[in-house]
Number of protein chains: 2
Amino acid sequence: MSDERSLSPAELAAWRAVVESSQRLLTRIEDELRAASGLSLADYHVLVRLSEAPDRRLRMGDLAAKLIFAPSRLTYHIGTMEKRGLVARQPCPADRRGSEAVLTDAGLAALRAAAPEHLLSVRRHLVDDLDEADLAALTRIFTRIDERLTAARAESR
Amino acid sequence: MSDERSLSPAELAAWRAVVESSQRLLTRIEDELRAASGLSLADYHVLVRLSEAPDRRLRMGDLAAKLIFAPSRLTYHIGTMEKRGLVARQPCPADRRGSEAVLTDAGLAALRAAAPEHLLSVRRHLVDDLDEADLAALTRIFTRIDERLTAARAESR
DNA sequence: ACGCGGTATTTCAAATCTGAACAACCGCGC
DNA sequence: GCGCGGTTGTTCAGATTTGAAATACCGCGT
């Protein structure tokens with residue numbers, strides 16, 4: 001707290017630990033997911049979001065927001081998943097500008113096939129290291145950060 | 001803890017919170033860094049690592065390990081930074097296979113110019129939300145994850 | 001009904017990232 | 001001293017990601 005233009009060693013250590021470890025964690029878990037299922041983490045997240053959506057479908061924009069993807073990235077990504085038969089793209093009936101991504105049966109099957117190993121992977125590399133208090137702290141901390149970020153984004157419009 | 005092949009709702013919530021919020025946090029902080037200084041977060045991290053190294057220089061391999069970059073990515077990235085005059089590349093005297101990345105005066109100046117705003121940004125979006133206990137918890141948790149990952153990597157060789 | 005500012009998505013080119021294959025070199029053991 | 005397995009970086013081609021510009025459409029106000 002000494003200088004507001006800087007960070008204390010403890011603050012810097014926390015920031016660095018988060019940046020580096022989360023990077024390493026994601027990389028590792030993605031590697032394992034890829035090896036076990038052929039899906040990237042992005043593929044997996046697309047499948048999860050669609051599987052949770054009513055009627056297994058979402059507007060491109062909504063899906064992009066949930067995944068934190070730039071619009072053009074989602075267009076491209078859904079394109080590759082469509083080629084593999086994991087999702088389908090359909091024009092949105094209510095709004096002719098829009099389109100929806102729909103989870104196919106094959107996509108749902110791929111998700112179900114990949115999930116157990118993947119969750120095991122998450123458990124092995126993250127959850128098993130944490131006790132209940134850690135878990136709660138992580139959830140609370142990151143949820144709060146997210147809320148603040150979303151609020152800050154709303155302001156800067 | 002019910003099924004070892006799955007995750008409890010609390011565990012899943014923690015995992016999702018970490019993945020999404022850290023993603024959003026990084027994106028946001030990178031945007032601000034870019035807007036204020038023209039540096040990407042990767043640029044900034046390269047500069048930081050070099051500035052901390054003895055004689056302001058590091059072997060490509062060591063730098064790549066610190067940054068969690070694939071080798072070819074670092075080659076490319078140092079190439080772009082070299083064009084901008086932020087770093088220089090020199091053959092390694094002790095090992096003729098290797099090369100070293102060296103921080104230039106311009107690179108150091110760029111880092112010093114960018115740091116205050118960037119740290120403010122980190123403070124605003126992360127540190128200000130945390131009390132001392134949170135800070136310590138984050139550091140402890142992510143440091144432990146990192147140790148485990150590094151250990152696991154060593155095994156799978 | 002019409003125009004118009006705004007929104008949803010795609011397209012395009014350029015920048016970046018990845019992994020496999022390569023070239024040069026190290027140093028150990030024969 | 002030589003050869004060989006292992007290391008260090010780079011190169012290359014292809015995949016992904018980005019941001020700006022284009023396209024098509026919405027719905028409000030007139």
Side-chain angles (χ1 to χ4, degrees), chain A residues 23-24 26-35 38-46 50 57-84 86-102 153-154 157, chain B residues 23-24 26-35 38-46 50 57-84 86-102 153-154 157:
Chain A
Q23 166 76 67
R24 237 187 282 274
L26 271 295
T27 302
R28 176 66 176 215
I29 286 178
E30 169 145 33
D31 286 348
E32 295 186 352
L33 177 62
R34 259 214 170 75
L39 297 172
S40 71
L41 207 47
D43 293 333
Y44 186 88
H45 287 150
V46 168
L50 289 179
R57 71 182 53 227
L58 280 174
R59 288 289 294 264
M60 293 298 276
D62 295 336
L63 183 53
K66 286 185 203 296
L67 295 169
I68 320 175
F69 275 23
S72 60
R73 178 179 178 187
L74 185 60
T75 295
Y76 172 82
H77 204 281
I78 289 293
T80 74
M81 293 183 75
E82 200 175 11
K83 283 181 197 157
R84 289 180 284 160
L86 299 171
V87 302
R89 197 187 328 232
Q90 294 178 359
C92 177
D95 183 342
R96 268 193 298 174
R97 288 170 302 180
S99 43
E100 296 177 330
V102 190
R153 174 128 47 101
R157 286 281 172 83
Chain B
Q23 166 75 67
R24 236 185 286 271
L26 270 296
T27 301
R28 177 67 178 214
I29 287 178
E30 168 143 35
D31 285 349
E32 295 185 354
L33 177 61
R34 259 216 170 75
L39 297 172
S40 70
L41 206 48
D43 293 334
Y44 185 88
H45 287 330
V46 168
L50 288 178
R57 70 180 55 227
L58 279 173
R59 287 289 294 265
M60 293 298 274
D62 295 336
L63 183 52
K66 286 185 202 297
L67 296 168
I68 321 176
F69 275 23
S72 60
R73 178 180 177 185
L74 185 60
T75 296
Y76 171 81
H77 205 280
I78 289 294
T80 74
M81 292 182 75
E82 200 175 13
K83 282 180 198 159
R84 288 180 284 159
L86 300 171
V87 302
R89 197 188 328 232
Q90 294 179 359
C92 176
D95 183 341
R96 269 193 296 175
R97 288 169 302 182
S99 43
E100 296 177 331
V102 190
R153 175 130 46 105
R157 286 277 174 84

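Residue numbering restarts at 1 for every chain, and letters A, B, ... go by the order of the sequence lines.
Legend: residues meeting side chain to side chain donor-acceptor pair (under 3.5 Å) with A:Arg97, ordered by chain and number and at least two apart, are A:Asp95. With sequence neighbours left out, the side chain to side chain donor-acceptor pair (under 3.5 Å) criterion links B:Thr80 to no other residue. Listed by chain and residue number, A:Met60, A:Arg89 satisfy the side-chain contact (heavy atoms from CB on, under 4.5 Å) test with A:Thr75 (two or more places apart in sequence, or in another chain). Every residue two or more places apart in sequence or in another chain was checked for a salt bridge (Lys or Arg N to Asp or Glu O under 4.0 Å) with B:Asp31, and none qualifies. Scanning for side chain to side chain donor-acceptor pair (under 3.5 Å) contacts around A:Arg96 gives an empty result, with sequence neighbours left out. Not counting sequence neighbours, the partners of A:Ser40 by the side-chain contact (heavy atoms from CB on, under 4.5 Å) test are A:Glu30, A:Arg34, A:Ala42, A:Asp43, A:His77.
Computed from coordinates, the A:His77 NE2 to C:dC17 P distance equals 17 Å when rounded to whole Å. One interatomic measurement links the two molecules: CZ of A:Arg73 to C1' of C:dA15, which rounds to 15 Å at whole-angstrom precision.
On the nucleic acid side, DNA chain D has its first and last nucleotide under 4.0 Å of a heavy atom of chain A at D:dA15 to D:dC26, going 5' to 3'.
You'll find the side chain of B:Leu86 reaches within 4.5 Å of the side chain of B:Leu39, heavy atoms only.
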(request) Determine, for nucleotides 5-14 of chain C in 5'-to-3' order, which nucleotides have protein heavy atoms under 4.0 Å from the base (write B), from only the sugar-phosphate (write S), or from neither (write -). (result) -BBSSBB---
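B:Arg96 comes within contact range of the sugar-phosphate backbone alone, with a heavy-atom separation under 4.0 Å but no base atom that close.
The two residues B:Leu63 and B:Ala101 have their closest heavy-atom pair at CD2-CB, 4.1 Å.
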